[in-house]
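First the structure, in the form of structure tokens, and then the observations on it.
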Amino acid sequence: MIALITGSAKGIGRAIALDLAQRGTTVIIHYRHSDTAARATLAEVQHHAPASRMMQADLTHADDIHRLFNAIHQTYGRLDVLVNAVGSFGTYHPITEVTLEEFDEVLSTNVRATFACMQQAIQLMRAIGGGHIINFSCATAEHAIARKYTVPYYLAKAGVVTLTKSYAPILAKDHITVNAIAPGIVENSIVVERLPMDRPASFQDITGAVRWLLSADANYVSGATIEVAGGWVPHS
């Protein structure tokens with residue numbers, strides 16, 4: 001099985017890449033700027049999945065996206081799994097203080113990049129008769145809760161849920177499942193709050209959800225948003 005995890009040099013993406021590699025999946029480590037971190041992640045991944053590779057691309061640029069997926073096709077001839085883990089959190093201040101450049105960065109790296117990668121991945125998955133797409137949203141984003149300091153991020157993540165639910169019925173006939181994982185406060189989050197379970201979500205909590213969505217137990221699950229938030233509900 002060949003899996004592309006976007007934004008997998010560090011953080012959640014890295015944890016997913018390592019977890020899948022440990023279970024025999026060949027992983028494509030994608031990064032934009034973090035070359036050193038990507039090389040370190042690849043070295044760990046290749047202990048378990050030697051055919052894994054690292055590939056650089058700026059997913060806000062169409063040419064880079066085409067180059068990335070052409071490289072995947074030429075290297076492996078297939079793609080079974082796409083995990084859209086990349087996405088800038090952006091700034092943490094009121095919407096009235098957000099610049100247009102900051103706003104564009106958050107929406108481009110979250111919604112536009114997810115959409116563009118899905119478009120490319122679908123072609124490769126249709127050619128092999130199926131696949132799995134997992135997008136990353138965030139807890140309660142689909143409910144359009146207005147958050148004082150993270151408006152662009154929640155706008156973007158609500159868009160990811162909309163993409164997920166829109167594609168799922170269209171791709172069902174192609175045996176491609178499309179789901180979203182929506183974490184709450186994670187161990188590397190910059191936001192600190194009191195949490196119902198008295199701890200943030202660990203990377204292992206996230207990778208467990210990914211593993212389940214890729215398992216045979218979830219073959220009929222598509223269009224779902226799986227919250228990994230421990231009961232946490234964000235406040236404004």
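This is a predicted model, so every value here is computed, not measured.
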Test side-chain contact (heavy atoms from CB on, under 4.5 Å) on Gln46 and Met54 and set out the steps.
CA-CA 10 Å; Gln46 286 182 329; Met54 57 182 273; over 6 Å; no
Is there a path of hydrophobic side-chain contacts, each under 4.5 Å between heavy atoms, that joins Val210 and Met1?
yes
Criterion side-chain contact (heavy atoms from CB on, under 4.5 Å) against Val151, the qualifying member of Thr91, Val98, Thr96, Ile95:
Ile95
Exceeds 12 heavy-atom contacts within 6.0 angstrom, atom NE2 of His73:
no
To the closest 0.5 Å, what do you measure between CG (Leu82) and CD1 (Ile133)?
5.5 Å
In one Ile/Leu/Val/Met/Phe/Trp/Tyr side-chain cluster, 4.5 Å: Ile128, Ile122:
no
Run the numbers on Val27 and Arg53 for side-chain contact (heavy atoms from CB on, under 4.5 Å), then give the verdict.
CA-CA 7 Å; Val27 173; Arg53 297 288 183 269; over 6 Å; no
Grab the two heavy atoms, one from Arg112 and one from His61, that are nearest each other, plus how far apart they are.
NH1-N, 4.4 Å
Any donor-acceptor pair under 3.5 Å linking the side-chain atoms of Thr164 with those of Asn135?
yes
Using 0.5 Å steps for rounding, measure from the OG atom of Ser137 to the OH atom of Tyr153.
7.5 Å
Within the side chain of Glu105, is there an N or O that forms a donor-acceptor pair under 3.5 Å with the backbone of Glu102?
no
Given 3.5 Å as the limit, does a donor-acceptor pair link the side chain of Thr25 with the main chain of Ala21, or not?
no
State, with a plain yes or no, whether a side-chain heavy atom of Pro200 is found less than 4.5 Å away from one of Val186.
no
Counting N and O atoms only, with roles assigned by atom type, does the side chain of Asp205 sit under 3.5 Å from a partner on the main chain of Ala201, one being a donor and the other an acceptor?
no
Please check if any side-chain donor atom of Thr177 sits under 3.5 Å from a side-chain acceptor atom of His132, or the reverse.
yes
Ion pair present between Asp19 and Arg23, side-chain N to carboxylate O less than 4.0 angstrom?
yes
Determine, using the 4.5 Å side-chain heavy-atom cutoff (strictly less than), whether Tyr149 and Leu195 are members of one ILVMFWY cluster.
yes
What one should report as the nearest heavy-atom pair of Met125 and Gly131 is SD-CA, 3.9 Å
Is Ser8 close to Val45 at the side-chain level, that is, under 4.5 Å between some pair of heavy atoms?
no
Linking I/L/V/M/F/W/Y whenever any side-chain heavy atoms sit under 4.5 Å apart, do Leu163 and Ile65 land together?
yes
For the residue pair Tyr92 and Thr150, establish whether any side-chain heavy-atom pair is separated by less than 4.5 Å.
yes
Expected output: side-chain Thr41 to main-chain Ala9 donor-acceptor under 3.5 Å:
yes
Any chance you could measure Ile72, atom CD1, to Gln120, atom CD, to the nearest 0.5 Å?
9.0 Å
Roughly how far apart are Leu4 CG and Leu68 CG, rounded to 0.5 Å?
5.5 Å
Report yes if some heavy atom in the side chain of Val111 is under 4.5 Å from a heavy atom in the side chain of Val106; otherwise report no.
no
Could you check whether any side-chain N or O of Tyr167 sits under 3.5 Å from a backbone N or O of Met118, counting only pairs where one atom can act as donor and the other as acceptor?
no
Could you tell me if the side chain of Val83 sits less than 4.5 Å from the side chain of Thr6, heavy atoms only?
no
Side chain His30, main chain Ala57, donor-acceptor under 3.5 Å
yes
Nearest atoms (heavy-atom pairs only) where Phe203 meets Ala15:
CB-CB, 3.6 Å
Can you tell me how far the CG atom of Leu59 sits from the CG atom of Asn110, to the nearest 0.5 Å?
11.0 Å
Does any part of the side chain of Tyr76, heavy atoms only, come nearer than 4.5 Å to the side chain of Ile28, both counted from C-beta?
yes
Please determine whether residues Leu214 and Ile181 belong to a single hydrophobic cluster, defined as Ile, Leu, Val, Met, Phe, Trp and Tyr linked transitively by side-chain heavy-atom distances below 4.5 Å.
yes
Step-by-step side-chain contact (heavy atoms from CB on, under 4.5 Å) determination, Asp217 to Trp212
CA-CA 7 Å; Asp217 291 336; Trp212 181 74; 3.8 Å; yes
Can you check side-chain contact (heavy atoms from CB on, under 4.5 Å) on Ile134 and Ile16, steps first, answer last?
CA-CA 11 Å; Ile134 299 174; Ile16 295 168; over 6 Å; no
On a heavy-atom basis, the closest approach of Gly7 and Val86 is N-CB, 3.9 Å
Contact check, side chains of Val160 and Phe115, non-hydrogen atoms, under 4.5 Å:
no
Ile5 and Ala85 have their tightest heavy-atom pair at CG2-CB, 4.3 Å
Of the non-hydrogen atoms in Tyr31 and Ala38, which two are nearest, and what is the gap between them?
CD2-CB, 3.5 Å
How many angstroms lie between atom CG of Leu79 and atom CG of Leu124, to the nearest 0.5 angstrom?
5.5 Å
Are Glu187 and Arg199 ion-paired here, with the side-chain N under 4.0 Å from a carboxylate O?
no
Side-chain contact, heavy-atom cut-off 4.5 Å: Ile29 with Ser52?
no
Residue pairs involving residues 167-177 (criterion salt bridge (charged side-chain N to carboxylate O under 4.0 Å, His left out); sequence neighbours excluded):
Arg126-Asp174
Hey, mind stepping through Glu97 and Lys148 against salt bridge (charged side-chain N to carboxylate O under 4.0 Å, His left out) and telling me if it holds?
CA-CA 11 Å; Glu97 298 175 16; Lys148 186 186 301 183; over 6 Å; no
Please check: side-chain N/O of Asp64 versus main-chain N/O of Asp58, any donor-acceptor pairing under 3.5 Å?
yes
If you look only at distance, which donor and acceptor atoms sit under 3.5 Å apart when one is on a side chain in residues 218-228 and the other is two or more places apart or in another chain?
unit_1, atom_1, unit_2, atom_2, d
Asn219, ND2, Ala216, O, 3.4
Ser222, OG, Val178, N, 3.0
Glu227, OE2, Thr140, N, 3.0

Donor-acceptor contact below 3.5 Å, side chain Asp80 vs main chain Ile2
yes
Using only atom types and a distance under 3.5 Å, with no angle test, would you say the side chain of Ser34 pairs donor to acceptor with the backbone of Ala37?
no
